[in-house]
Asker: 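Below is a structure I'd like to ask you about.
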Amino acid sequence: MSESYGVVAAIVVLGLLGLIGAFALNKALTVTYPTEGKLTTYESGVDPVGEGWAQVHIRYYLFAYLYVIFAVDAVYLFPWATVFAQLGVATLIEMFVFLAFVAVGLLYAYRKGVLRWT
């Protein structure tokens, strides 16, 4: 049993050494000539104006969060849909419970007005 841990440890050590070696090789082979123009902030070819910090409306984060929720829903739903006939009625009930949780989340977002774009 301990030799299997040794193999795993050796693979982890070799992976870390490969990663460190790749970063070191990149650093050693990179040629840089820093100039004032290269060190400025690049904003699509336009000279930067103002500070680098800007407020973003929370609604954008909520839309991203809703997308993640429904993407995870799809990750669980599609594999289940391919084999649910073989798994029986219990898994059908479990999937309806799962979809109910997702529906409650969508209803909550709708009630909070997150889905209205103004």
Side-chain angles (χ1 to χ4, degrees):
M1 177 103 145
S2 64
E3 56 266 353
S4 63
Y5 286 119
V7 172
V8 171
I11 290 173
V12 168
V13 168
L14 286 175
L16 289 174
L17 287 176
L19 181 70
I20 292 169
F23 279 122
L25 189 63
N26 180 32
K27 186 73 171 170
L29 296 178
T30 301
V31 178
T32 59
Y33 300 106
T35 62
E36 184 179 334
K38 287 183 180 180
L39 297 176
T40 60
T41 305
Y42 178 74
E43 293 183 4
S44 303
V46 180
D47 290 332
V49 177
E51 298 180 20
W53 183 82
Q55 288 184 335
V56 177
H57 199 280
I58 189 69
R59 181 166 289 148
Y60 298 119
Y61 294 109
L62 293 174
F63 274 111
Y65 184 66
L66 285 173
Y67 170 76
V68 169
I69 288 173
F70 288 107
V72 169
D73 177 35
V75 166
Y76 285 117
L77 192 59
F78 286 131
W80 171 83
T82 60
V83 295
F84 85 95
Q86 301 165 356
L87 299 176
V89 178
T91 57
L92 182 65
I93 294 169
E94 290 173 0
M95 187 51 69
F96 278 122
V97 169
F98 175 72
L99 290 175
F101 279 117
V102 173
V104 167
L106 182 62
L107 180 65
Y108 177 77
Y110 176 75
R111 290 221 163 184
K112 286 292 187 178
V114 173
L115 302 177
R116 278 184 278 143
W117 190 267
T118 57

Asker: State whether the number of non-hydrogen atoms from other residues, nucleotides or ligands found under 6.0 Å of Y65 atom OH is greater than 12.
Answerer: no

Asker: List the atom pairs, donor and acceptor, that lie under 3.5 Å between side-chain atoms in residues 9-32 and the rest of the protein, sequence neighbours left out.
Answerer:
unit_1, atom_1, unit_2, atom_2, d
N26, OD1, T30, OG1, 3.1
T30, OG1, N26, O, 2.4

Asker: Under 3.5 Å, side-chain donor or acceptor atoms of residues 92-115 against the rest of the protein: list the pairs with distances, not counting sequence neighbours.
Answerer:
none

Asker: Return the minimal non-hydrogen interatomic distance between P79 and A74, and the atom names on each side.
Answerer: CD-O, 4.1 Å

Asker: If hydrophobic clusters are built by linking Ile, Leu, Val, Met, Phe, Trp and Tyr wherever their side-chain heavy atoms come under 4.5 Å apart, do F78 and W80 end up in the same one?
Answerer: no

